[in-house]
Amino acid sequence: MRLRSIVAPLLKWFAKNARDLPWRRTRDPYAVWVSEIMLQQTQVKTVIPYWERWMKRLPDITALANAREDTVIKLWEGLGYYSRVRNMQKAARLIRDEHGGRFPRDLAGVMALPGVGRYTGGAVCSIAFNQSEPIVDGNVIRVLTRVVGIEESPKAKPVLEKIWAFTDDLVKHAVARQQPRQRNASAFNQAMMELGALVCRPRNPLCGGCPLQGRCTARKENKVETIPALAKRAAATKRRFIGFIINWRGKVFVQRRPSGDVNAGFWEFPNWEVSADADAAHLAKANLPLGQAELLCVINHSVTRYRNRLEMFLLRVSRKPRLAKLHGEWVSLAKIDKFPLTAAHRKVAKRL
DNA sequence: GAAGCGTGGGA
DNA sequence: TTCCCACGCTT
């Protein structure tokens, strides 16, 4: 197939242009897996310090499996998608208990871990073990739709399956032609993603520096700006929250989100959702003591399709209030940094 | 303000 | 079984 002719120039380009990223200096499947989970949701620049801190504190499966949940969650604070970090610890415990602590070595075994799907399974198997498993992420989709000139939306199932079939063929071709001591399944998969990240960017791609420019249909037909076809986005919903910093003798009250909830295990200041158009009278009826509180700040915080507005009030009390219905702790401001807070509440804490 | 991004749970 | 969307933060 003609598409196979992209493999050689791509590998050559990658050998010269690959970024020196910390997780590229290891083939430890645990380290690769940690980096892949972090990279699913966050850009490289942000992930680097998180990955380095994580690997220092939890250098292997055993360390992660045996760590306290608080420790693990704290290491993830600020990355978002917190169910993934809980899945990672579940996976580590599963490896400890069911696999004798040894990371699974095949695609089915890796994909059986919670939080690992087709992409991450293929990434770990190709990058850590150099197995010729294909991977398709946003970068690969962009590179291939452009090179091949696919104008239909890659969200459509048959289109996506076609892209998986292309990469599957390409990674096997890359391995078939590899020289001894080369790691071409690893290099090919990373090269596709690296090209998407550095050259074949979503906007303003650097076609002039692309090793595939002579083979790219989108470039030839002047469709680089319209391929891949964008999906229409769901409308955002506005939500409004009222929260309190209850300050008693220099300590503030924080509560832990229960397991099963969004952001389970994270801490936050007491807060409630109120209707978007609630005014002071409505809030008074809800028994919220706004009268004695001063507005500290308003945090606008976007989460997936929600535009959240969090109004935080400062309430100073001289007697320790009985907050029987709220399960939480009084912490001094100096110690608030030790608690994993959700992003919006971390912003609030920074204003204190 | 819009776009980007894998997995998994529920429709 | 297949499809849709929640999940969170950054640029």
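Convention: sequence-line order gives letters A, B, ...; per-chain numbering from 1.
At dT7(B), none of the side-chain N or O atoms of Asn87(A) fall inside 4.0 Å of OP1 or OP2 (strictly under the cut-off). Phosphate proximity of dC9(C) to His301(A): present, with a side-chain N or O under 4.0 Å from OP1 or OP2. For Thr120(A), a side-chain nitrogen or oxygen approaches OP1 or OP2 of dT7(B) to under 4.0 Å. Side-chain nitrogen and oxygen atoms of Gln43(A) include at least one within less than 4.0 Å of the OP1 or OP2 phosphate oxygen of dT11(C). The side chain of Lys155(A) places no N or O atom within less than 4.0 Å of a non-bridging phosphate oxygen (OP1 or OP2) of dC3(C). A sub-4.0 Å separation between OP1 or OP2 of dC5(B) and a side-chain N or O of Arg142(A) is present. A close approach under 4.0 Å does not occur between any side-chain nitrogen or oxygen of Arg307(A) and OP1 or OP2 of dG1(B).
Figure legend: cation-pi geometry between Arg239(A) and Tyr306(A), with NZ or CZ positioned under 6.0 Å from the six-membered ring centre and within 45° of its axis.
In this structure, CD of Glu161(A) is placed 10 Å from P of dT2(C), rounded to the nearest angstrom. Protein atom CG of Asn308(A) is 13 Å distant from nucleotide atom C1' of dA6(C), rounded to whole Å. Residue Leu79(A) contributes atom CG, which lies 11 Å from atom P of dG8(C) at whole-angstrom precision. Atom P of nucleotide dG8(C) and atom CH2 of Trp76(A) are separated by 11 Å, given to the nearest angstrom. Rounded to an integer number of Å, the gap from NZ of Lys157(A) to C1' of dG6(B) is 16 Å. One can place CD of Gln40(A) at 17 Å from P of dC7(C), the figure rounded to the nearest angstrom. Distance Arg84(A) CZ to dG6(B) P: 9 Å, rounded to the nearest Å. Regarding Asn300(A), its CG atom lies at a distance of 14 Å from the P atom of dC9(C), rounded to whole Å.
Within the nucleic acid shown, Phe266(A) has no heavy atom closer than 4.0 Å to any nucleic acid atom. Counting any heavy atom pair closer than 4.0 Å across all strands shown, Arg118(A) reaches sugar-phosphate atoms only and no base atom.
Taking every side-chain heavy atom of Ala343(A) into account, dC9(C) is the closest of dC9(C), dG6(B), dT10(C). Side-chain proximity of Tyr82(A) to the nucleotides dC9(C), dT11(C), dG8(B) is greatest for dC9(C). Distances from the side chain of Asp137(A) to the nucleotides dT10(C), dG6(B), dC7(C) place dG6(B) closest. Here the side chain of Thr304(A) is nearest to one of dA6(C), dT7(B), dG8(C), namely dG8(C).
Nearest-nucleotide positions on DNA chain C for Tyr81(A) and Lys347(A) put Tyr81(A) closer to the 5' end. Mapping Gly115(A) and Leu39(A) onto DNA chain B by nearest heavy atom places Leu39(A) at the nucleotide closer to the 5' end. In this structure, Leu341(A) and Arg305(A) both approach DNA chain C, and ranking their closest nucleotides by distance from the 5' end singles out Arg305(A). In terms of position on DNA chain B, the residue among Met111(A) and Thr42(A) whose nearest nucleotide sits closer to the 5' end is Thr42(A).
Arg118(A) and Glu161(A) are joined by a salt bridge, as a carboxylate oxygen and a charged side-chain nitrogen come within less than 4.0 angstrom of each other. Salt bridge annotation for Arg346(A)-Asp337(A): present, with a cationic side-chain nitrogen under 4.0 angstrom from a carboxylate oxygen. A salt bridge links Asp261(A) with Arg257(A); the closest basic N to acidic carboxylate O contact falls under 4.0 Å.
Looking only at atom types and distance, the side chain of Ser186(A) has no donor-acceptor partner in the side chain of Asn130(A) under 3.5 Å away.
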Please report the C-alpha distance between Asp70(A) and Arg256(A) in whole Å, then the side-chain angles of each, then the deciding distance to 0.1 Å, and finally whether the salt bridge (Lys or Arg N to Asp or Glu O under 4.0 Å) criterion is met. CA-CA 11 Å; Asp70(A) 282 4; Arg256(A) 193 168 185 266; 3.7 Å; yes

